[in-house]
Protein chains: 2
Amino acid sequence: MAQRITLADLAEKTGLNISTVSRALTRPGRVSAETRRLVEKVAADLGYMGNIAARNLSRGTTETIMVLAPNFTGQAISPVFTEVLLGVCDEAESLGLSVMIHSHTGQPIPTADVMRFLHNHTVDGILLIATEKWDRAVAGHKDGPAPPVISVMHDLTSEGLSSVVAQEEEGFVAVVDHLAGLGHRSFAYIAGLPGVYHEVRRYAAVRDRLTALGLQDGLVPIEGGPFDLASGFAAAGRFLALDQRPTAAICCCDALAIGFMQGVRQAGLSVPDDVAVAGYDGLDYTAFITPALTTAVQPSAEIGRAGVRMLDDFLKGRITAPRLVSLAPRLAVRESA
Amino acid sequence: MAQRITLADLAEKTGLNISTVSRALTRPGRVSAETRRLVEKVAADLGYMGNIAARNLSRGTTETIMVLAPNFTGQAISPVFTEVLLGVCDEAESLGLSVMIHSHTGQPIPTADVMRFLHNHTVDGILLIATEKWDRAVAGHKDGPAPPVISVMHDLTSEGLSSVVAQEEEGFVAVVDHLAGLGHRSFAYIAGLPGVYHEVRRYAAVRDRLTALGLQDGLVPIEGGPFDLASGFAAAGRFLALDQRPTAAICCCDALAIGFMQGVRQAGLSVPDDVAVAGYDGLDYTAFITPALTTAVQPSAEIGRAGVRMLDDFLKGRITAPRLVSLAPRLAVRESA
DNA sequence: CTGTTAGCGCTTTCAA
DNA sequence: TTGAAAGCGCTAACAG
């Protein structure tokens, strides 16, 4: 699309200097009321729209942030990510920021790759979604101030990156307490991808809580896999093969839980009578399956919003030291447990 | 993030002219091998990364496309959108395009708002997702060539906009034929939002096919609502209140189908014995609910990819006349019907 | 193959 | 309050 009307055109048409026109449009308070009106009228008449690229170059800013997610491409996308994205777009719009979205195949994302988007002025700041690693040495802030990069759904404050996360531990504590309160004494734990941040922390939370309740002997970890339905389904097979099956199953995430339920029910077990099942995430459709899934609901959209707000605070220089924001999930007790 | 290394720095360091350095980096074939190596080495040493904003301004291009979706913010997001987005990001990356994402509250999106992103050089082209309207007069291509805007999931070729869509009619024909083949003679149609493109076309497809089969008298339209779970659940109430309930329910989309199933099963009906249920979309989790949903699976990611390819063709001038690409869904027969 | 020279369109001192 | 002028960093003719 050819762009024709420039500030120069407006300057010519109004007989004003180009810099005056620019001022009239960007800080109306710094020109006379008359000038402002004139410029605005002519701009409207000519359909002036400006050139963002030129403004970006001149100002050295882009008013754009990037959402950078690993593995976004080429595999089933997590609905959690979608919800976070929704919050991000929402908040960005209200702050006047544009959002660019980029996926990186493979986890972790090299820090240098992330920094490049900042250095080459593609965007002003970056939101890392569930990214496993950050190398502050590579990013060049061993001691200095952190770059405008925020980690979302993953606590990277140990590497100096501000983060906003869900209080996953509390979510799993609530799940364990609920199941224990129901009288369960043996618990399968359907694991996510081995070694991955969320898997490690969630398992630890379950184990620690069971230990605190003196129920640690009842814990039976079961291999799951990627955070998807198929892995949960496969885990059900392992569960069914157990000599002594636990009466409850705590799943690392909702997708695993749904796949798992499908698997055990297909084998003739009843949920929750033969095995109670609980998940974590709070995907909206978990309320509309049969049986409805008991799960800890994360405030995913709010996490996205908070991330954008924090990033904006960084960009505007309102904050400079890394900080951690963590939002509480809420247990939704439904039919499955 | 301050950027320090510029082409001027490289020019100084190498003793070459800045334009030679630029050339060495952007069209290595047009400089001597020696020069190229020298420049590359110095660039690497200094950690040169370029300035995208400057390049954009100079080239008059952004190498960025925008995904513009209505109602993306503030309501439950459609998993279909997510899948399309996945395809978009995938294809864009392989074409070297960045993708910006933007939501517009309210449908339809005014054509002028869309055009502004092009005129002000925010992006080079736009992918409209399921947008209801386009006004070629406002866009300024009553007769001339169309702007680099592609409509996805919504046929807007009548307004001169290239579009890529699913063959929804064929999907619903397959659903109807399948149910009829099962012996059903009475069909509830659970509607989407009244008047909306997808709702109108899908209902028409169902009605026409039933008519072709001489089964039109068995069609009972039931009010649904927005394309979400809750609306389907509510529709189940209306279905249950019917004097004579059809033996099959064709739902305008999967979300409605799942909510509907939940509703009728909660009332004690069995699916598919008391009522067979079929959806449309092919959301991945429909295979993992109980009973697994029979549905027409759209190639959503592929639709996103095709949209990006088409947009790229426009941008590169490979095509100029509007065209329509439509991809066939495939019926997934599962337990619910 | 390389250097010179204009810009791209806007912002922003610095004077007037 | 307005104008003049100098860039932002890169690209792209056009010469040489």
Side-chain angles (χ1 to χ4, degrees), chain A residues 1-40 42-43 46-64 116-124, chain B residues 1-40 42-43 46-64 116-124:
Chain A
M1 286 289 82
Q3 142 125 25
R4 287 168 319 280
I5 314 301
T6 69
L7 282 187
D9 297 321
L10 299 189
E12 188 187 357
K13 202 80 173 182
T14 57
L16 293 164
N17 185 280
I18 185 173
S19 65
T20 305
V21 176
S22 171
R23 241 176 265 129
L25 259 20
T26 55
R27 37 265 257 139
R30 281 199 185 49
V31 297
S32 73
E34 190 182 3
T35 300
R36 181 169 58 74
R37 256 197 320 277
L38 172 61
V39 171
E40 278 170 356
V42 174
L46 269 49
Y48 174 75
M49 295 188 176
N51 181 318
I52 299 292
R55 162 179 297 199
N56 287 351
L57 176 58
S58 187
R59 295 227 265 236
T61 198
T62 64
E63 306 294 312
T64 302
R116 173 164 291 110
F117 291 114
L118 261 18
H119 286 313
N120 71 11
H121 289 227
T122 298
V123 295
D124 291 346
Chain B
M1 288 287 80
Q3 141 127 26
R4 287 169 319 281
I5 314 303
T6 69
L7 282 188
D9 296 322
L10 300 190
E12 187 186 359
K13 203 78 173 182
T14 56
L16 292 164
N17 185 280
I18 185 174
S19 65
T20 305
V21 176
S22 171
R23 240 175 267 131
L25 260 19
T26 55
R27 35 268 256 131
R30 281 198 184 51
V31 297
S32 74
E34 190 181 2
T35 298
R36 181 169 58 74
R37 256 197 319 276
L38 172 62
V39 171
E40 278 170 356
V42 174
L46 267 49
Y48 173 76
M49 295 187 177
N51 180 318
I52 299 292
R55 162 180 295 199
N56 287 351
L57 177 58
S58 187
R59 293 227 266 235
T61 199
T62 64
E63 304 296 312
T64 302
R116 171 164 292 110
F117 291 114
L118 260 18
H119 286 314
N120 71 11
H121 289 224
T122 299
V123 294
D124 292 346

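Computed from heavy atoms alone, side chains included, the values below leave out hydrogens, waters and symmetry copies.
- In this structure, CE of B:M49 is placed 17 Å from C1' of D:dC10, rounded to the nearest angstrom.
- The separation between B:R37 atom CZ and C:dT2 atom C1' is 17 Å, rounded to whole Å.
- Protein atom CG of B:L57 is 8 Å distant from nucleotide atom C1' of C:dC10, rounded to whole Å.
- In terms of heavy-atom proximity, A:H121 sits nearest to B:I52 at O-CB, 4.2 Å.
- Minimum atom distance to the side chain of B:N51 is reached by D:dG9, of the listed D:dG9, C:dT2, D:dT2.
- Between the NE2 atom of B:H121 and the P atom of C:dG9 there is a distance of 7 Å, given to the nearest Å.
- Between the P atom of C:dC8 and the CD1 atom of B:I52 lies a distance of 21 Å, rounded to the nearest Å.
- One can place CG of B:N56 at 10 Å from C1' of D:dC10, the figure rounded to the nearest angstrom.
- Between the side chain of B:T35 and the backbone N or O of B:A33 there is no donor-acceptor pair closer than 3.5 Å.
- Contact of the B:T20 side chain with the B:T14 side chain is not registered, since no non-hydrogen atoms from C-beta on lie closer than 4.5 Å.
- In this structure, the side chains of B:D124 and B:T64 stay at 4.5 Å or more apart for every pair of heavy atoms.
- The side chain of B:L16 approaches C:dG3 more closely than any other nucleotide in the set C:dG3, C:dG9, C:dC1.
- At least one side-chain heavy atom of B:L7 sits under 4.5 Å from a side-chain heavy atom of B:L25.
- For A:E63 and C:dT11, the CD to P distance is 11 Å, given to the nearest whole Å.
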Item to check | nucleotides 11-16 of chain D: protein proximity per nucleotide (B base, S sugar-phosphate only, - neither; heavy atom, under 4.0 Å) | outcome: BBB---
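- Using a 4.5 Å heavy-atom cutoff, the side chains of A:R116 and A:H119 are not in contact.
- If you measure from atom CG of B:L38 to atom C1' of C:dT2, you get 13 Å, rounded to the nearest angstrom.
- Between A:L46 and A:L10 there is a side-chain heavy-atom pair separated by less than 4.5 Å.
- Out of D:dT1, C:dC8, C:dT2, the shortest distance to the side chain of A:S32 is found at D:dT1.
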